[in-house]
Every structure is written in structure tokens, then in C-alpha cells.
Number of protein chains: 2
Amino acid sequence: MDVAAAAGVSKSLVSLALRGDHGVSAATSARILDAAERLGYRSNTLARGLVQGRTMLLGVLLTDLANPYHTEVVSGVEEAAEERGFTVLLAHGRRDRARLARQLDALLQLNVDGVVVVSSWPEPQVLAAAARRVPVVMVGRPETPAPGVDTVANDDRAGAEAAVRHLAELGHERIAHLAGSGRPASRAREAGYRETMRNLGLAAHTTVRGVGGGSDHGTDSGTGGAGSRERAAAELLATGPTAVFATNDLAALAVLDRAHEAGRPAPGGVSVVGYDNTSLAETVRPRLTSVDQPRLVMGRLATGLLLERLGGRVEDRHEVLTPDLVVRASTAPPRPR
Amino acid sequence: MDVAAAAGVSKSLVSLALRGDHGVSAATSARILDAAERLGYRSNTLARGLVQGRTMLLGVLLTDLANPYHTEVVSGVEEAAEERGFTVLLAHGRRDRARLARQLDALLQLNVDGVVVVSSWPEPQVLAAAARRVPVVMVGRPETPAPGVDTVANDDRAGAEAAVRHLAELGHERIAHLAGSGRPASRAREAGYRETMRNLGLAAHTTVRGVGGGSDHGTDSGTGGAGSRERAAAELLATGPTAVFATNDLAALAVLDRAHEAGRPAPGGVSVVGYDNTSLAETVRPRLTSVDQPRLVMGRLATGLLLERLGGRVEDRHEVLTPDLVVRASTAPPRPR
DNA sequence: AAACGAATCTGGAACGTTCCAGATTCGGGT
DNA sequence: ACCCGAATCTGGAACGTTCCAGATTCGTTT
């Protein structure tokens with residue numbers, strides 16, 4: 001360590017001084033800090049991690065950088081982590097299981113102190129293996145993926161219920177649902193829709209159309225892509241509903257479009273509610289009423305769970321948060337006949 | 001190393017075997033790999049980095065995770081990096097200079113072999129300091145920020161020219177420009193607009209309105225936020241243009257909105273061109289004609305420059321790529337009077 | 001003046017890997 | 001039987017830090 005030489009002290013003392021240990025005299029400390037500054041010295045996380053056994057690094061594994069849903073969760077993770085002195089590193093897996101596993105591996109090899117997985121993609125066994133080495137928290141998956149893995153999720157059934165009740169309170173009865181692929185989240189939303197319709201005595205009006213064949217292991221949410229979504233939206237509108245609850249904002253956008261083309265634009269022609277409250281909801285016209293997951297809070301909570309694990313907790317925890325409905329311009333009372 | 005014990009060999013041989021060195025007999029190699037597998041062993045990047053002096057890690061510093069412009073560049077960086085066996089780590093600075101500097105520091109302390117900065121935010125002196133330790137490439141900034149830092153940018157003037165020429169070829173003459181804040185990119189686009197108008201003999205029709213006061217160090221692109229953008233768009237439309245070239249897609253969206261409200265919706269009432277070809281361009285109605293930066297290529301190029309530096313290049317390089325115009329539904333010939 | 005204790009500093013071990021120089025084994029040519 | 005070289009394997013040094021046990025200094029108490 002050349003800083004030690006420059007300041008004329010031992011490397012041990014440099015280490016102490018830079019960490020602000022109070023057992024170093026003020027004069028010496030100043031001399032050391034000055035030398036470090038002059039030499040542009042930065043401590044080496046690698047070496048420190050090696051000897052200390054922990055790195056104060058938190059890894060975040062993402063499937064999809066471009067997904068604004070994910071990025072806000074990341075912000076929550078970051079805020080909470082930084083408050084506790086951790087540094088957050090992101091690894092980007094893309095929509096590719098093998099890559100995802102590789103990136104997770106890379107994080108583990110860096111000896112991160114914990115991993116937050118913002119994605120429902122990784123395979124359970126990969127997660128379980130990771131969880132054997134460091135705490136792992138998964139955000140956004142409604143069921144528990146693997147033993148040893150904590151989860152934070154939003155309550156999809158409650159979100160669906162809020163959407164349907166909002167429409168019912170506006171006076172709608174013929175409320176249809178545009179379902180998603182068979183992934184867990186969309187399944188739960190559909191179940192919530194059906195249940196609420198039943199509870200409101202509207203079971204007779206229950207109408208569902210979905211994109212994709214419902215294959216659980218489809219390549220993407222909305223297998224078949226935009227075309228399939230548009231077709232399903234058109235079909236659904238053909239059944240003559242006065243309101244549609246869509247499984248996500250993209251699906252809601254498809255409904256908005258088809259409704260516009262069919263000459264009954266929202267909200268007068270048909271009311272539309274989306275899910276996830278992505279930036280889309282703000283940019284689309286009319287602005288979209290959408291169910292909002294408390295993403296920032298979910299991220300913070302994930303970090304909290306991670307730190308609890310580091311603190312010694314051993315039993316698994318699964319947190320479920322209730323989403324809020326954000327009412328915008330795409331919903332209104334039904335047009336009187 | 002317990003794998004060594006389990007396989008009954010020295011730690012050195014384990015190291016060789018795991019790296020696939022051919023000087024290890026097939027039988028022993030199999031025994032070692034088997035033991036490693038059984039024990040769930042992963043090599044420690046920290047220790048390796050310490051002794052080798054390089055980590056095969058590439059750091060990417062981002063200002064804004066939620067910005068789809070940035071994320072596609074990141075994909076390009078990743079693709080190219082992985083082809084060469086590097087692992088990419090992302091650090092997220094947010095729109096905060098201090099945080100950005102801290103995150104950059106964190107990357108450097110991890111001994112990454114190079115850094116790609118996808119942002120025009122970091123202060124030159126911070127970049128210069130980083131560049132003294134490892135290669136640094138900056139993506140998306142039109143001018144060179146600091147000596148020792150390579151850059152990759154799109155040619156904003158050429159992009160503006162393509163947009164204006166497209167409108168002129170459709171038959172427009174009264175082509176106005178909705179300018180951005182005074183950041184370098186928007187200044188270059190405005191300059192390109194003015195120049196092309198002159199070259200086409202349309203100088204007399206040059207009309208510019210901008211958001212924000214033009215303060216270069218504004219807090220954000222579009223200081224004053226959406227409100228200011230809307231107001232500027234309304235003012236611009238009041239001057240009676242038949243076409244508008246907007247400095248980015250968000251600004252274009254504002255024009256689209258105001259035009260709709262003013263009873264002359266695009267493309268019949270007024271033609272609109274945006275810049276950046278964000279996902280907005282695809283979701284908005286009518287779909288937006290927009291100038292597209294070759295983001296994937298820019299990312300790949302950035303990685304290439306980084307590796308060239310690692311290979312020993314010493315002189316700075318500044319690559320400028322020409323953007324493409326993507327024509328969609330928001331532009332059409334002017335309505336005959 | 002001796003003894004003590006607090007304050008300040010130091011030297012080497014340790015972390016998990018790679019690298020290097022060399023040790024051991026083995027088959028084959030003389 | 002002997003030697004040689006190739007193939008295979010080993011032990012310790014090194015990387016840059018922290019940690020620990022102890023060394024040194026110095027003011028204070030007895």
C-alpha cells in the first residue's frame with residue numbers, strides 16, 4: 001500500500017484511519033487521509049470482502065430492464081439498502097432462463113450478501129441453490145417458489161376486486177374481463193374477477209376472453225403478441241359489455257383501441273380498467289384507470305426481509321401487499337340507454 | 001478449499017481442472033468436477049480478481065433505469081460483452097450527481113475492467129478521474145466530456161435533417177420546431193432543424209418554441225415538466241404550422257394532444273415527428289413517426305471501444321452514428337386548402 | 001523513580017484464488 | 001539398468017485488505 005509509505009506509517013494504521021477508527025491520533029489521521037487523497041487511492045472491495053466474509057453488496061436480479069414495473073421496485077430496494085450502508089448491483093437476465101441463472105451465479109461469485117430477484121422467471125431449483133448460500137427474496141411472484149426464499153407480492157385477487165367494485169359502483173353490470181396468459185399473476189386476477197362478480201350478484205354477466213392458449217409455460221405474457229391481444233379484445237367487445245377489466249395495462253390499451261375503432265370510445269362507449277399502473281396509463285388517451293401495486297414499498301420491504309435474514313431469521317416469510325386503484329379518465333358511469 | 005480435500009488432490013490442481021487446463025488427466029479432472037458439483041462449489045470472483053488484476057467484469061453506469069432509451073443501449077453492451085466472456089454489472093445512479101459519483105466509485109472499487117456510462121450526467125472531472133484507472137466510454141453525449149474518455153453518440157443534426165426533409169418531401173413548408181431544454185442534444189437538434197430549413201429554402205418558415213428557460217443546468221430535460229411542454233406546444237400550434245418536428249417523443253406527444261384538442265388531429269390537421277423512437281411512439285395514436293437512434297449498435301460499439309482500450313489503444317476515439325427515420329402514421333401530406 | 005494504564009501504532013496471519021517453480025511418476029529408448 | 005522427457009501433480013508466494021496480539025510511547029499515580 002503506497003499510501004502507507006507516503007504517510008510514513010504501517011498499512012494497518014492506514015486501514016484504521018480510512019475507516020475512521022477513533023484509536024488513531026488526529027494528526028496522523030489527517031496525514032494519512034491527505035496522502036490517500038493525493039494518490040487517488042480507493043480501497044479494494046475485493047480484498048476487503050475476501051477477509052471480512054461480507055461485502056456490503058446487495059445483488060438485484062432483473063428479467064427485464066425495460067419493464068417500468070421492475071424498475072420502480074429496484075428504486076425501493078436501493079433506497080432501503082443505501083440507508084443501511086449497502087451498495088446495490090444490478091444483473092440483467094433478460095427473458096432467458098439460462099442467462100438468468102448465469103447472472104445469478106455471477107452475483108453469488110461476487111460474494112454479494114443477498115439477492116433480490118425481481119422477476120418470476122428463474123427456475124425454483126436455481127433459486128433454492130442460491131438461497132443455500134445467501135438470503136434470497138423474490139418480488140412479484142404470488143406463490144412461494146422454493147424453500148428458503150422469502151417473497152413479496154401484491155394481492156392480485158384484491159386488486160381485481162377493487163377494479164370490479166369500482167366499475168360496479170359506477171353502475172356497470174356487464175363487466176367483462178380480458179385475461180392474460182396462464183401465468184400465476186393473471187390467473188389470480190381472473191379468479192379475483194370471477195369471485196367479485198359472484199359476490200356482487202353479477203355472476204350472470206361474467207365474461208372472459210384471454211390471449212394465448214393458456215399454456216402455463218408460454219414464452220411471454222401474452223403469447224402470440226400484440227395481434228392475439230387485439231383479437232381477444234375485439235372478441236370481448238363483441239359480447240357487448242359496458243365495462244372491461246383488463247389483466248394489465250397493455251391489454252387495456254388494446255381494448256381502448258378496439259373500442260375507439262368500433263365507434264364506442266372510452267369512457268362513454270365502454271369503461272376500461274388496467275392493472276400495474278405503468279407509465280402507459282399516464283400517456284394513453286383517455287388516461288387509464290389502473291390498479292397500482294405499491295412498487296416502491298415492495299422494494300423496500302424486500303430489502304427489509306433480506307436484512308432480517310442476515311440478522312439470523314431462519315423461517316420463511318411471505319409478504320402480501322394490497323394494491324390501490326388509481327382512478328383516471330377511462331372509467332365513467334354507463335351511458336343510459 | 002474443501003473440494004481439494006474431497007477429491008484428494010491439491011488446491012492448485014482443483015484450480016487447473018476447473019479452468020479446463022489440458023494438463024490434468026481425464027480421470028482426475030472428472031473426480032474433481034464431480035466433487036465440486038456435489039459440494040455446490042463456485043469460484044470466488046473476488047479472490048481471482050485480486051490475484052489476476054482483472055475481473056472480466058464490465059460496469060455500466062446508468063442515470064435512469066426507467067428510460068427505455070438507456071436500456072436498449074445496455075442490451076447492446078451486454079451482447080457484445082458476453083461474446084467476449086465479460087460479465088456486465090449495472091449500477092444505477094438516478095438523476096443525482098452525488099449518487100452517480102458514488103456508484104461509479106463502487107464499480108471502480110470492485111475492480112471492474114472498464115465502465116460504460118449511459119448518461120450525460122456525470123461531471124467531467126469525476127469521469128476523468130475514473131478514466132485514469134480503467135477505460136471509460138460514454139454513450140449518448142454529443143461532445144467529448146473529458147480527456148481519456150471515448151464517446152459514442154448519434155448525429156443529432158443528421159437526425160433533425162432527416163425529419164425535416166421527410167416533412168418537406170410530403171409537401172410541407174410551414175414546418176415548426178418544438179425545442180427542448182438547453183442540453184447539448186436538444187441544441188444540436190435545433191441547429192440541425194434551422195440549418196435544414198435554410199438549405200431547403202424554407203428559412204422564412206422557421207419557427208421555434210421551447211420548453212424551459214434554456215438554462216443549461218436545468219434539473220431535467222424539459223424543466224418545468226409536462227405543463228411547460230403543453231404550453232409550448234399550444235403556443236407553437238397557434239403560429240399555424242402544417243407540420244411540427246419535436247425534440248423528443250414526449251414533446252411530440254404533447255403536440256399530438258394539443259392538436260387533437262384544437263380540432264386538427266394528426267396527421268390530417270398537422271404532421272408530427274418525434275425523436276428517439278421510444279416505446280411511446282408505438283403506443284400513442286396515431287403511431288408516431290420518429291427518429292431512431294441505433295441504440296443496440298451504439299451499445300455494441302461502446303463495448304468494442306472499451307476492449308480496444310484494454311488492448312492498449314491510447315488515443316481517444318469519438319464515434320458518431322447516423323440515426324434512421326421510422327415513418328409511422330403521424331405524418332402525411334398537408335391538407336390542400 | 002518505578003509502575004501502571006491508556007493511547008497509539010506495528011507486524012504477521014488470514015481470506016480464496018492464481019501463478020510459478022519445481023517434484024514426482026511413468027513409459028520408452030538406449 | 002539407466003536416463004530422459006513428457007505428463008501430471010504439488011507447495012508456497014502473491015494479490016490488498018482486515019484482524020488480532022502485542023509493542024511502543026507517554027502522562028499520571030504512587
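Throughout, protein chains are lettered first and strands after them, A, B, ... in sequence-line order, and every chain is numbered starting at 1.
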Salt-bridge test for [X] and [Y]: reply yes if a basic N is under 4.0 Å from a carboxylate O, no otherwise.
X: Arg133(A); Y: Asp113(A); answer: no
X: Asp2(B); Y: Lys11(B); answer: no
X: Arg94(A); Y: Asp64(A); answer: no
X: Asp276(A); Y: Arg295(A); answer: no

Atom [atom1] of [X] to atom [atom2] of [N]: distance rounded to whole Å?
X: Asn44(A); N: dT17(C); atom1: CG; atom2: P; answer: 16 Å
X: His22(B); N: dT8(D); atom1: NE2; atom2: P; answer: 10 Å
X: Leu13(A); N: dT18(D); atom1: CG; atom2: C1'; answer: 13 Å
X: Asn111(B); N: dT18(C); atom1: CG; atom2: C1'; answer: 15 Å
X: Leu108(A); N: dG16(C); atom1: CG; atom2: C1'; answer: 16 Å
X: Asp21(A); N: dT18(D); atom1: CG; atom2: C1'; answer: 12 Å
X: Arg48(A); N: dG16(C); atom1: CZ; atom2: P; answer: 17 Å
X: Met56(A); N: dT17(D); atom1: CE; atom2: P; answer: 18 Å

Per-nucleotide protein contact string for nucleotides 19-25 of chain D, where B marks a base within reach and S marks sugar-phosphate only (heavy atoms under 4.0 Å, - for neither): B------
Nearest heavy atom decides the nucleotide; on that basis, is Val9(B) or Arg42(A) closer to the 5' end of DNA chain D? Val9(B)
I want to confirm an ordering. Mapping Leu50(B) and Gly23(B) to their closest nucleotides on DNA chain D, which one lands closer to the 5' end?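 The residue whose closest nucleotide sits nearer the 5' end is Gly23(B).
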Could you check whether any side-chain heavy atom of Leu58(A) comes within less than 4.5 Å of a side-chain heavy atom of Leu89(A), counting everything from C-beta outward? no
Tell me whether the side-chain N/O atoms of Ser25(B) come closer than 4.0 Å to OP1 or OP2 in dC9(D). yes
Checking Arg99(A) side chain against Gly93(A) main chain: does a donor-acceptor pair fall under 3.5 Å? yes
I'd like to know if the side chain of Asp155(A) reaches the main chain of Val320(A), judged simply by a donor and an acceptor atom lying under 3.5 Å from each other, with no hydrogens or angles considered. no
With sugar-phosphate meaning primed atoms plus P, OP1 and OP2, does Thr28(A) contact a base, only sugar-phosphate, or nothing at under 4.0 Å between heavy atoms?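 Contact class for Thr28(A): sugar-phosphate only.
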